[in-house]
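Right, one structure below, let's go through it.
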Amino acid sequence: MTPQVSKIICRILDSERALLAEAVTARQYEAQPELAARYGEMGRVKCVQDANFHLSYLADSVSASSPLLFSDYIAWAKVMLSARGVPATDLSRNISIMHEVVREKLPSQLAAVIDEYFEAGLNKLPSVSVEPSTLLEGAGPHTALATEFLKLLLSGERHVAGRLILDAVDSGVPVKDIYLHVFQRSQRELGRLWQLNQISVAQEHYSTAATQLIMAQLYPSIFRTEKNGRKIIATSIGGELHEIGVRIIADFFEMEGWDTYYLGANSPTAAIVQAIADRRADILAVSATMTFHIRAVENLIATVRASADSNSVKVLVGGYPFNVEPELWKRVGADGYAADASEAIAVASRL
Amino acid sequence: MTQIRGENNAALALLCDNNGVVKQILDDSLSAGEIAAGQSLEPALDQGSLEKWRAFLDTVLSKGAAHGWEMNLAVGGRIRLFRFSANATGDGIFVAAATTSAGIVKIYEKFIHVENVTAADSTTNELIARPPSQQFDGDSELYNELARLNNELVTAQRELIKRNIELERLHELKNKFIGMAAHDLRNPLQVIQGYSVMLLNKRFGELTAEQQQFISVIRRNSDFMVNLITDLLYISKIDAGKLKLEPKEIDLIDLLQRNIELNRLLLEQKQIRILFFAEDDFPKVVVDPAKIEQVLNNLISNAGKFSAPDTTVEVRAHKTDTEVVINIKDEGQGIPADEIDRLFIPFENLSVKSTGGEQSTGLGLAIVKRVVEGHKGRIWVQSEVGVGSTFSFSLPLTQSPETQKHPGSLTGRSG
């Protein structure tokens, strides 16, 4: 598939998404009249909403030329929907119908292109367990601490959770260990619990917000590290809410003696380019968690490269879609990719 | 009547007839009295919500249920936005209202079986089956907005802490730099000072009147520069936390008397009298005598500097249960009220000028304040233009736990 082809398909998927979602839902309800009784009127609304999401992920996966991204998303959706009373058979049917509807919509010479995406998704479905196991078990370091930390957050006890972390640091647990084995793991576990419908959005947001504030309590020690003269700007893309990962990356660089500028998730591209020029940054670290932000990453990198003020910076990318699709970082035009904070330091030092 | 409370949710659960007349109140945590059995709910609704309420009832009757309608209830003297859900029960309508969608679900969970509310319609099943937080998209967008807000706050906090630590570093660097520069300046200045003294003492022969005058200028100015550098070094040492107190138990009255005698000679040259009054049985104090002497010297000589001839400077010492207080009162020109706060800030340019052309390094009072506060004491000024000024400082009688924990470090940064 040439970039031109994927662009055309994406444009069609984006502009026709609402109509396609309605059509998929209508055809599925027609084929399975029992759904109306099972899920009710609200269920139908949700079905259209979900179809919109699936189509949006499809467009992003096509844009990234990655059937893998789409199949990984469908696997995630299976777990999420199953926990909310939608069986895998309904999802599978929905994806098959979507395949038909999208195929009919695309010009005939392009229709075959999307086959591998739907096939990858449908093929993966049967092997996906609807109950992914907890990330807080096993022999990993500080498992007990991470478990206790998350338990406190889920009970709304952020002060006690904060004390727990500060005490652990006082008793000699390295801050980097806390970041990787407590903050990062408990965040991933939170995502799993939400996916399984075991916690509410409120609990998820509260726990994340509290974790960020507890991280801030560790800043005074992090920022006293002797500097090595190198500078990095870290940002996450397009209003991305999932930004703890890149925050962890920024703090790791700070702990390694880099001068770090964390721009958050809402910095306009122009501000990022300006910051690179003003700070004379060596590295720009960009994170994306949602697949629908890949295109924004690509655009940001293109803009940074196009400006004489910022084009000497090396760009490092990371985040969920880059972990799923190993070649994606090259396609978005980055200079490097890292799966975690330690790897990010190693890669950035080489660039 | 049962009550559903929690999470600050005001909740209302009613059984109504098909016209919206309340048949039975199942729950009314508002307890506002506006809602009563046998009456329509309409009086409790805000005027603007009446039409919506009627449409809501129509929807329930035609579709069997309605969910997520927002209407204003005017209860307890205020208007509040409520979410409404309702189900047709066969012979009437079950109505639930709460300020949050989670509140609605709680009502349903409580009454759906007990009150024989038919849950046959699928939207109600949907409502109960979904976790509260996923009820309405509006809620979830608000959660996202809160998350963004928090992200921005934490990012700002990160930047602040980072900047703060950088500023601390710069401050230390500045002190170190001043220390080094001052040190390197002081040595050659002392050589100039020394030679000018030798010249004035005629060690190298007689001087003409003009030579004498010029060398006096060199001497006076090199003296001033040495004093300035000494003060700079001193204050940067204090700010770097490197100046240590060496506390001893002393008789403060002795120290005061000695210092007053030394200053008396200088003051008398300007025809200024100095008087000293002290309470009897004055307790001993634990202070660093050399540094307190410096404080006294500065305050008493200042009193002289800014007073006209034929005036009096009074030094008084008294005690309270917890501290000793020293007042130095002059009959000088006084300090304008808007300048009092700036007195203790280094190099502040004030309107008050010395009466005999005496020079001032601009650091004396800043040092005095740091030394007094380093002893856990206080310093303050009362002044009236044209009448005079009283500088007072106190020293605690017992050492505070803080002083005992960190004996003798002067780290005052204020002023």
Side-chain angles (χ1 to χ4, degrees), chain A residues 35-46 49 83-86 194 197-206 208-227 234-236 239-244 247 250-251 254 259-267, chain B residues 6-7 59 62-68 85 87 100-102 105 119-170 172-173:
Chain A
L35 292 183
R38 200 190 310 156
Y39 300 122
E41 200 175 318
M42 196 73 177
R44 196 188 164 102
V45 172
K46 289 279 169 193
Q49 226 170 48
R84 288 158 180 80
V86 179
W194 181 84
N197 206 19
Q198 289 175 11
I199 58 168
S200 67
V201 175
Q203 278 175 303
E204 194 264 328
H205 280 30
Y206 171 86
T208 301
T211 301
Q212 288 176 337
L213 290 168
I214 292 164
M215 278 167 81
Q217 291 177 22
L218 301 176
Y219 286 161
S221 67
I222 289 174
F223 289 124
R224 283 183 210 281
T225 320
E226 203 61 44
K227 294 281 166 275
T235 186
S236 65
E240 176 71 85
L241 285 173
H242 303 79
E243 47 99 273
I244 267 202
R247 217 176 259 287
D251 291 354
E254 191 74 42
D259 212 349
T260 66
Y261 301 94
Y262 180 67
L263 295 182
N266 284 316
S267 293
Chain B
E7 300 173 313
T59 306
S62 62
K63 297 197 169 173
H67 297 294
S85 278
N87 281 70
T100 64
S101 46
V105 173
D121 87 296
S122 52
T123 55
T124 311
N125 282 338
E126 165 80 20
L127 180 84
I128 306 298
R130 294 237 163 189
S133 46
Q134 292 163 36
Q135 291 292 313
F136 301 102
D137 293 340
D139 281 359
S140 103
E141 199 31 57
L142 276 181
Y143 281 129
N144 289 345
E145 207 37 60
L146 277 175
R148 275 182 208 112
L149 181 68
N150 188 69
N151 288 348
E152 281 167 28
L153 279 176
V154 179
T155 302
Q157 194 177 9
R158 186 183 195 273
E159 192 60 23
L160 274 179
I161 294 172
K162 189 177 157 75
R163 290 274 169 93
N164 229 0
I165 289 168
E166 276 169 12
L167 283 175
E168 268 174 39
R169 246 184 227 147
L170 283 176
E172 274 167 32
L173 201 68

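Every heavy atom of this structure was used, including side-chain atoms; hydrogens, water molecules and symmetry mates were not. These numbers were taken from a predicted model, which means no experiment stands behind them. Naming convention: chains lettered A, B, ... in sequence-line order (proteins, then strands); numbering from 1 in each chain.
The side chain to side chain donor-acceptor pair (under 3.5 Å) check on A/Glu254 picks up A/Lys227, A/Thr260, B/Lys162, with sequence neighbours excluded.
Taking every heavy atom of both residues into account, B/Ala147 and A/His205 meet most closely at CB-CD2, 3.8 Å.
Side-chain contact check for A/Leu263 versus B/Glu159: every heavy-atom pair is 4.5 Å or farther apart.
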Let me have the donor-acceptor pairs involving side chains of residues 213-224 of chain A, under 3.5 Å, with sequence neighbours excluded, atom names and distances please.
| from | atom 1 | to | atom 2 | distance (Å) |
| --- | --- | --- | --- | --- |
| A/Ser221 | OG | A/Leu218 | O | 3.0 |
| A/Arg224 | NE | A/Pro220 | O | 3.4 |
| A/Arg224 | NH1 | B/Glu168 | OE1 | 3.2 |

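The distance from atom CG of B/Asn151 to atom CD of A/Gln212, rounded to the nearest 0.5 Å, is 4.5 Å. Rounded to the nearest 0.5 Å, atoms CZ (A/Arg247) and OG1 (B/Thr155) are 3.5 Å apart.
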